[in-house]
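Not measured: the values here are computed from a predicted model. Along the sequence shown, residues carry numbers from 1.
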Amino acid sequence: MSPLPAGGAWLVLLLAGLCEVGWAVGLKFTDGFSRFLPSVLTVGLMVASVLLLAWALKTLPVGTAYAVWTGIGAVGTALLGIWLFDESREVARLVCIGLIVAGILGLKLVTA
């Protein structure tokens with residue numbers, strides 16, 4: 001995989017983060033990796049997430065890319081937890097999720 005232009009690297013990083021959300025939520029459906037299809041899909045998303053992150057790292061700074069990747073994973077997983085699993089919707093939790101989003105956007109704005 002060759003290095004990407006900055007815009008392409010950010011898109012790949014976004015896809016890596018979405019794959020991270022997919023595998024994190026997928027873990028809930030694997031039932032401790034005892035269910036075959038959810039387990040295979042979850043592992044596939046894990047591999048895709050790391051490979052895409054590695055590709056984005058050819059262009060983006062490691063600290064920024066890793067923070068954004070984990071931030072996308074955290075926000076996406078928390079929101080899907082609320083939607084799919086009826087997890088807490090209390091205001092303090094939503095404010096904290098918003099702060100993570102603000103951090104992701106801030107890192108994007110200060111990184112080429």
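Side-chain N or O atoms of T70 include one that pairs as donor or acceptor with a backbone N or O of A67 at under 3.5 Å.
We find the CD1-OG1 distance between I97 and T77 to be 10.0 Å, quoted to the nearest 0.5 Å. Remark: K58 NZ to L53 CG distance equals 13.0 Å, nearest 0.5 Å. In this structure, CD1 on I100 lies 11.5 Å from CD1 on I72, to the nearest 0.5 angstrom.
For the side-chain contact (heavy atoms from CB on, under 4.5 Å) test with L4, the passing option among L11, V12, L60 is V12; the others fail. For the side-chain contact (heavy atoms from CB on, under 4.5 Å) with W69, the qualifying choice from L13, T64, L57 is L13, the only one to do so.
With sequence neighbours excluded, the residues that form a salt bridge (Lys or Arg N to Asp or Glu O under 4.0 Å) with D86 are R89.
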Could you pull out every donor-acceptor pair under 3.5 Å between side chains of residues 16-23 and any protein atom, sequence neighbours left out?
none

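Between M46 and L27, some side-chain heavy-atom pair lies under the 4.5 Å cut-off.
Cluster membership check: I82 shares its hydrophobic cluster with V101, using side-chain heavy-atom separations under 4.5 Å among Ile, Leu, Val, Met, Phe, Trp and Tyr. The hydrophobic clustering, which links ILVMFWY residues whose side-chain heavy atoms are closer than 4.5 Å, places L14 and V47 apart. With hydrophobic clusters built from ILVMFWY side chains whose heavy atoms lie under 4.5 angstrom apart, L80 does not share a cluster with L45. Under the 4.5 Å side-chain heavy-atom criterion for Ile, Leu, Val, Met, Phe, Trp and Tyr, W83 and V25 are members of the same hydrophobic cluster. A single hydrophobic cluster is not seen to contain both L51 and L15; linkage of ILVMFWY side chains at heavy-atom distances under 4.5 Å, directly or through other members, places them apart.
Environment of CZ in F85: crowded, with over 12 heavy atoms of neighbouring residues, nucleotides or ligands closer than 6.0 Å.
Counting only N and O atoms by type, the side chains of T111 and W10 include no donor and acceptor under 3.5 Å apart.
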Original post:
After noting the C-alpha distance and the side-chain angles of E90 and V95, does the key distance pass the side chain to side chain contact (heavy atoms under 4.5 Å, CB included) rule?
Top reply: CA-CA 9 Å; E90 62 184 82; V95 168; over 6 Å; no

**OP:** Might you work through the side chain to side chain contact (heavy atoms under 4.5 Å, CB included) test for F29 and L41, ending with a clear yes or no?
**Re:** CA-CA 10 Å; F29 293 102; L41 293 173; over 6 Å; no

